[in-house]
Structures are given as C-alpha cells and as structure tokens.
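What follows is a short report on a single structure.
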There are 2 protein chains.
Amino acid sequence: MKKDAALKIGIKDIAKHANVSIGTVDRVLHNRSEVSKTTREQVLQIIEELGYTPNLLAKSLASKIKYTIAVLIPDLGSNAYWEKPLQGIRAAALEIKKFNFELQIATFDYGNEKSFVEKANEILNSNPSGFIFAPVFYDSSLVLIEKCDQLQLPYVFIDVFIENCKNLAYFGQNSVQSGYLAASLMKYGIVNGGISHIYVVKPLNPSAPVYHLSLREKGFITYFSQVAASQVFIHSMDVDISSSTELVKSLDTIMESAQKPSGLFVANSRVHLVARYLEKNKIENVVLIGYDLLQENVEFLEKGIIQFLICQNPEEQGYKSVLSLFNHLFLKKTVDKFNYSPIDIIMKENIEYYTNFKI
Amino acid sequence: MKKDAALKIGIKDIAKHANVSIGTVDRVLHNRSEVSKTTREQVLQIIEELGYTPNLLAKSLASKIKYTIAVLIPDLGSNAYWEKPLQGIRAAALEIKKFNFELQIATFDYGNEKSFVEKANEILNSNPSGFIFAPVFYDSSLVLIEKCDQLQLPYVFIDVFIENCKNLAYFGQNSVQSGYLAASLMKYGIVNGGISHIYVVKPLNPSAPVYHLSLREKGFITYFSQVAASQVFIHSMDVDISSSTELVKSLDTIMESAQKPSGLFVANSRVHLVARYLEKNKIENVVLIGYDLLQENVEFLEKGIIQFLICQNPEEQGYKSVLSLFNHLFLKKTVDKFNYSPIDIIMKENIEYYTNFKI
DNA sequence: TAATCTTCCGTTAACGTACACGACAAAGAT
DNA sequence: ATCTTTGTCGTGTACGTTAACGGAAGATTA
C-alpha cells in the first residue's frame, strides 16, 4: 500500500509540513550543518513519514558537480579480449552522461607491471570519483588498493579478484567453475567406454600474469577427480607462445605419442592457435574447448574445429562495473560486492546471438 | 572532432545565435506553427550547426505528459514461464519511471482466446502510448494488429512473432535455431557408433497454441537430416497433458519397445514431467534436453536427470521490450525490428549464474 | 552599551525546457 | 478613420532541486 495519492511529494511539500523553508530541508537532506538538532529531527521525521524520494532529474539539473570514473585495463594490443569490456564501459558511460558522469580511460601493457603502476598513479593524481581496474599484478595492486582506501576512493575490480579488500564490487567470472564446466562438457562428448587422454594446454606469455589460467585448470582437473572417470587421463602442458615454434613442437609430440588426445582444453583465449594447428594437420575427432569470443576463435568455431567456447559476457561486465559506481555515487544505492557473470557455452549453432553486444 | 568546448549548448544558446527568443526556438523544435518560414529555417540551421541535443532531464522535468505502456501476456497460472519476462518488464518500468513512464499490465488465459481479445480491447480503450504483447493466437492477433495500425499505436511483439506487420520491434528467440542447437548437443553426446533412437516429445494442452513447439521440432529434425547421422532415428511423439496418465503411458510404450531411446528432446518447458518419469522409473543413460528455467526443471537439472536446458533470457526480453518503446516514444531513437535473444545452454555446472536476474 | 560574531534559517537565482499568455505589427473589415 | 483579425514573436512562470546570499536573533567581546 503506497500513499501516492498526492502524486509526487517534493522538497517543498516536506518544507510545508515541517513549517520550515526549502533551504532548511535541503540542508537536512545533505546533512550539512547550520541547522538545529530539533528542527533537523523534525524534518527528518516528516521525510520519513511522507516517504520522500528525491527527483533525480531535477537533482542533476540543478547540481553542478561532475563525476569522473577512471578505468584502468590492459591495452588491446597486449590482449584483444579487453576490447569487449571496453565496449560495455563505453555503453554505460553514454547512458549516465546525462547525470554529469564522464569517463577517463587508461590502459597498461599486460606484460609490463611498471606501466600498470605508472598509469594507476596518474589516475590517482587526477582525483576521480570512482575507479575501475583489473588488478592483474598482485603486488602492485595491493599497493594501489591501499592508496585507494586512504583516499576513500571507491574502486571496482573487473575480471580479476583480490581477496580481503574493501572494493565496492567485483565483476568477473568464477574461473574455477568455468573449468569445471568445460570438463563436464568434455566428458559428455568423449567418454563412451575406452581409454581417453585429455590435455590441458596453457599457451602463455612468460612475462604476463597467469592468474586465471591456473584456476580454470584447477576446476577442470577437479571435475575429473570427482566424477568417476577412471578411463580418463588428464595431462597438463605449458607452452611459451613468445617462441613461435614451441606450440607446434609440443603438439607434434603428443599427436605422435601413444597417448593421442581425445580432447584438448585450452585455458585461455589463445585456443585459436591450437585450432590452427589441428586444421593445418587435418586432425579430426579431437574435441577442442577454449575461451572467449575473439574473432579468430569464432572462425574456428564456425568451421567446426573448436567445439565449444566458454564465454563470460565481458561487455556486460564492463557495463555493470560502471553502473555499480553510478549506483553508489549518485543513487546512493548499496551494490552487491560479488557479481559473477554467467558461464556461457557457445557453439557453432548459437554463436550468432552472442557476437552483437546491445544493451 | 567534437566542438564541445563551450560545454553544453542549450535552447538559449541557439536563441542567441539566431537572434530570436527561446520561445521561438521551442516552437521550431516542436515544429508547431506560429513561426515564419524564414526564421524557422534559420533556427533549424543554427541547431544543425551547433549540434544541439536536448537535455532529457530538463525536458521531462518541464513536461507534463505521461506515457503509459500497456502489456498483455499470458497469466502465470496458465504458464509459469511468463513470470520471467514480467520481471524484466517491471525492472525496466522502474528505470523509466523518472521520465514519466508508467506500466499497465494485463494478462489473459493461455487456453482461452476470448480472454485475449477482451483484455486487448480494454487496453486499446484506455488509450496507451505503446503496447507490448505476445501474439499467441494468430487470428485474434491479426485483428488486434489491424486496430493498432489504425490507432497509430506502436506495438512490440514479445516471444511470438507474426510476419508482415508494422510492429515496432520483436523480442524473442529463433525457435528453429534453438531446436537445431538442441539436436547438435544431442548428437555430440550420443552418437558414437551404433544405432540410436531419439524421441521428440511434445507435451501439450489441446486448447493452447503450439506455435513454438512446431518450430523447435522442425529445427531439431532438420539438423539430423542435414548432418550425416545415418545411425540415428528420430521419432515424434505428441502427448496430451490435460490427461494425467497419457504421458506415462506413452513413455512406458517406448521404454518397453525395441527402439529404446538414447535421447529425449522435449520441445517446451514441461520437460520436468518427463524428468519425473525417468526418476521414478530409475531410467538412466538417457540424454534429456528441454526448455526454460522453471523451478521444477532446475531441480531435475541439478539432479542430473535433465542434461541440458535451452534458455532464452526471458527477463531480458521483457526488459528490452519496454526499453524499445521508451527509445521510440521518448528518445525518438530508431529501434531494431528483430531482436533475437541468445540461445543459452544451461547445464548443472552453470545454472547458478542464470537464475538471478539483475540488470 | 555598542560592536562583532555565531547560529540558525528564509529568500532567491539558477539548471534547461515546456507552454500559456500577451505584445505588436500588418492586413482586413466597418 | 477606427476596430478587429491574423500571423509572429517575446516574456513569464513552472518543473524540483542546489547553493549562494543575507537577515534576525542571541551570545560574546570591547
């Protein structure tokens, strides 16, 4: 039962009821000083009684304060994936522009921790209202987080999560669970009696952080250790992709071995490298599962060389990160701290409905 | 290159540049009469040059017009599924309330075409600004659509699509493709040599429309006819669920037959009925694929009796339907006519990330 | 005792837009 | 010649809020 009979009550209504001026009500609402305890409480009570909610439109029309949301993510050169969250971030920015919000986007080199630190400091010096970043370098991030806490600057983690922090929110995927799911998918397609060998391939750049990879692998392996599958053997395989031949050599080795793979799980978005190998060598009947909707991956999915891509709707992660700060700063709403993206299963037959981000 | 040096130009800036008053500019903007051709063109040119965009906040603060969006969908009693789109619709309503938008929600009995017509007429009489409905009854919908066209009332289809209409937009799933995908999933898990029998089960209520079902079945069957699978046999099975024993009898029959199923595809959200049968009769090693995240379905998915649920993010469909009318009516943006939802593949391992709708 | 300082509070001009009202000219009617 | 009509256009008020400004008491100081 809402008493919206009198349509919409505003600041001047509560002023009338409390026998004060709107100026006083305003001071109470922004709990500024210059108002006596008694009248403050009285006004507060009227506000409560009438169920006053501020008109956001009038609010941001009249207000002159600008909000700046700073964003720090890897540059697209070092990791094409980040184009996606950025899309969502930009979309959100467009929507909250009317409320005097603007963005300040900075990027760092994924293989260079120093660039991360430098950009972060620049941002802190510019004194933003909120901060979204991917804390991919653990130690440097701890330092940064410490500074944010001191400055009382609300910050949001995107993609990567660090425990025991006072971050406003986190948007990302449950990496362990995604690996677990990949394993289940793999088993569903493969295990029909007989022995099978499955390889976890980790194509990585030695200078870049590997946080996600290990969690995904962990989930994958956990699945097979829990679910009865005595006939299945899991092998792990690190590959340095800064050397261009390393991957081919490694794959050659296992293909020629006695333990030929029935399935390959590539724990990051470089699954297209493995797919290219399979295509070139005309290897079929190998289930290939990887991550993320990069253009190259999509092509191999459509060709049928990659069977499944695990995806995390990164655009939405970006979008919601921005919105969470908007909710916090402007709407004064409480926001959920943990926000896990869905673990989307993409195959040839449904890919077309995931490639166009629209909000 | 944007010339936002002078920050934000408003109606009074263009008034100044055009040497007229803001009243005149306002008349031009709303192309009302009472403006001479020459000044109108002049103002229009200035508007163009300065790249004026109206301030939406100020606009809806000053404007007294209310928008009403009418919604007509099946009631939750006849089909629990519709709770989900409704959630999204309500979420969207909450967001655009500030812009003077309000909802008017009506429901009809899924098994009663007359109730659809009656409610539709009520809505038309209330003279809404926009109309969202599920045109599940073909003939009645055609009549309704005709009326909407005459009234110049913008209307949006949700869930079901009717061709050759002037609907503003459609939000739903590509049903054929979803069946096609289900088939691919089925094949991936089942076909490993040997003969298999797969049944398409259609639990239906004789008085309710069956539009979706047939399309989903079509996609499913098409897949197996296209993809080489000579060892796979597809059988079709209609079941009247208004009789409580019919389903059990039918399933008993095929389970005892020589052509025992390796897989069951249930083309609608009643897959839990089939799951319950399998559970009760302790039948394992049958792949069961169905539709939609109803509570009952989710439970059987978690138990491992249903392997996959195909889902279409119905909350988002509802949400976006409302937003499309907002874009059209208020922002005067052009909206896409066809909006297909992703075909989400849900299994035990990722279900938890799909059950909480948050925008 | 007068002057200054606090503390509290009301008034008012914005913010950008919508729209009713009235002003003022030119054109027509009497 | 005066009076009305018509077509243009400017002015003023309103929407709900913010925030600067200033006024009226009482409290403190000289």
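Heavy-atom basis, side chains included; hydrogens, waters and symmetry copies ignored.
- Between B:Phe108 and B:Phe116, the distance separating the two ring centers is shorter than 6.0 angstrom.
- Projected onto DNA chain C by closest heavy-atom contact, B:Gly23 and B:Leu57 fall at different nucleotides, the more 5' of which corresponds to B:Leu57.
- Here the two rings, on B:Tyr67 and B:Phe99, have centers that are 6.0 Å apart or farther.
- Taking atom CZ on A:Phe99 and atom C1' on D:dG16, their separation rounds to 14 Å, with Å as the unit.
- For B:Val20, the side-chain atoms get nearest to D:dG10 when compared with the rest of D:dT8, D:dG10, C:dC9.
- Contacts of A:Leu29 with the nucleic acid, taken as non-hydrogen atoms under 4.0 Å apart, are absent.
- In this structure, the side chains of B:Ser341 and A:Tyr353 stay at 4.5 Å or more apart for every pair of heavy atoms.
- When the nucleotides C:dA20, D:dC15, C:dT11 are ranked by their closest atom to the side chain of A:Ser21, C:dT11 comes out on top.
- Each of B:Thr24 and B:Lys64 was matched to the nucleotide of DNA chain D holding its nearest heavy atom; the match closer to the 5' end belongs to B:Thr24.
- One interatomic measurement links the two molecules: CD1 of A:Ile22 to C1' of C:dC9, which rounds to 12 Å at whole-angstrom precision.
- Residues A:Ala58 and A:Ile65 each lie close to DNA chain D; by heavy-atom proximity, the contact nearer the 5' end of the strand is made by A:Ala58.
- Here D:dG16 presents its P atom at 16 Å from CD1 of A:Ile47, a figure rounded to the nearest Å.
- Here the C1' atom of nucleotide D:dA14 and the CD1 atom of A:Ile11 are 16 Å apart, to the nearest Å.
- When rounded to the nearest whole Å, the span between NE2 of A:His30 and C1' of D:dT17 equals 8 Å.
- Of the residues listed (B:Lys84, B:Gln87, B:Glu83, B:Gln173), the one engaging B:Pro314 in a side chain to side chain contact (heavy atoms under 4.5 Å, CB included) is B:Lys84, and it is the only one.
- Counting to the nearest Å, the C1' atom of D:dT18 and the CG atom of A:Leu56 are 14 Å from each other.
- Between B:Lys12 and C:dC15, a side-chain N or O to OP1/OP2 separation shorter than 4.0 Å is present.
- Residue A:Leu144 holds its CG atom at 9.0 Å from CD1 of A:Ile162, rounded to the nearest 0.5 Å.
- To the nearest angstrom, P of C:dA18 lies 10 Å from CG of B:Asn55.
- Between the NZ atom of B:Lys59 and the C1' atom of C:dC15 there is a distance of 17 Å, rounded to whole Å.
- With C:dA20, C:dC9, D:dT8 as the choices, the nucleotide that has an atom nearest any side-chain atom of B:Ser36 turns out to be D:dT8.
- You'll find that the side chain of A:Asp26 is closest to D:dA19, out of D:dA20, D:dG12, D:dA19.
- If you check every strand for non-hydrogen atoms under 4.0 Å, B:Thr39 touches sugar and phosphate atoms only.
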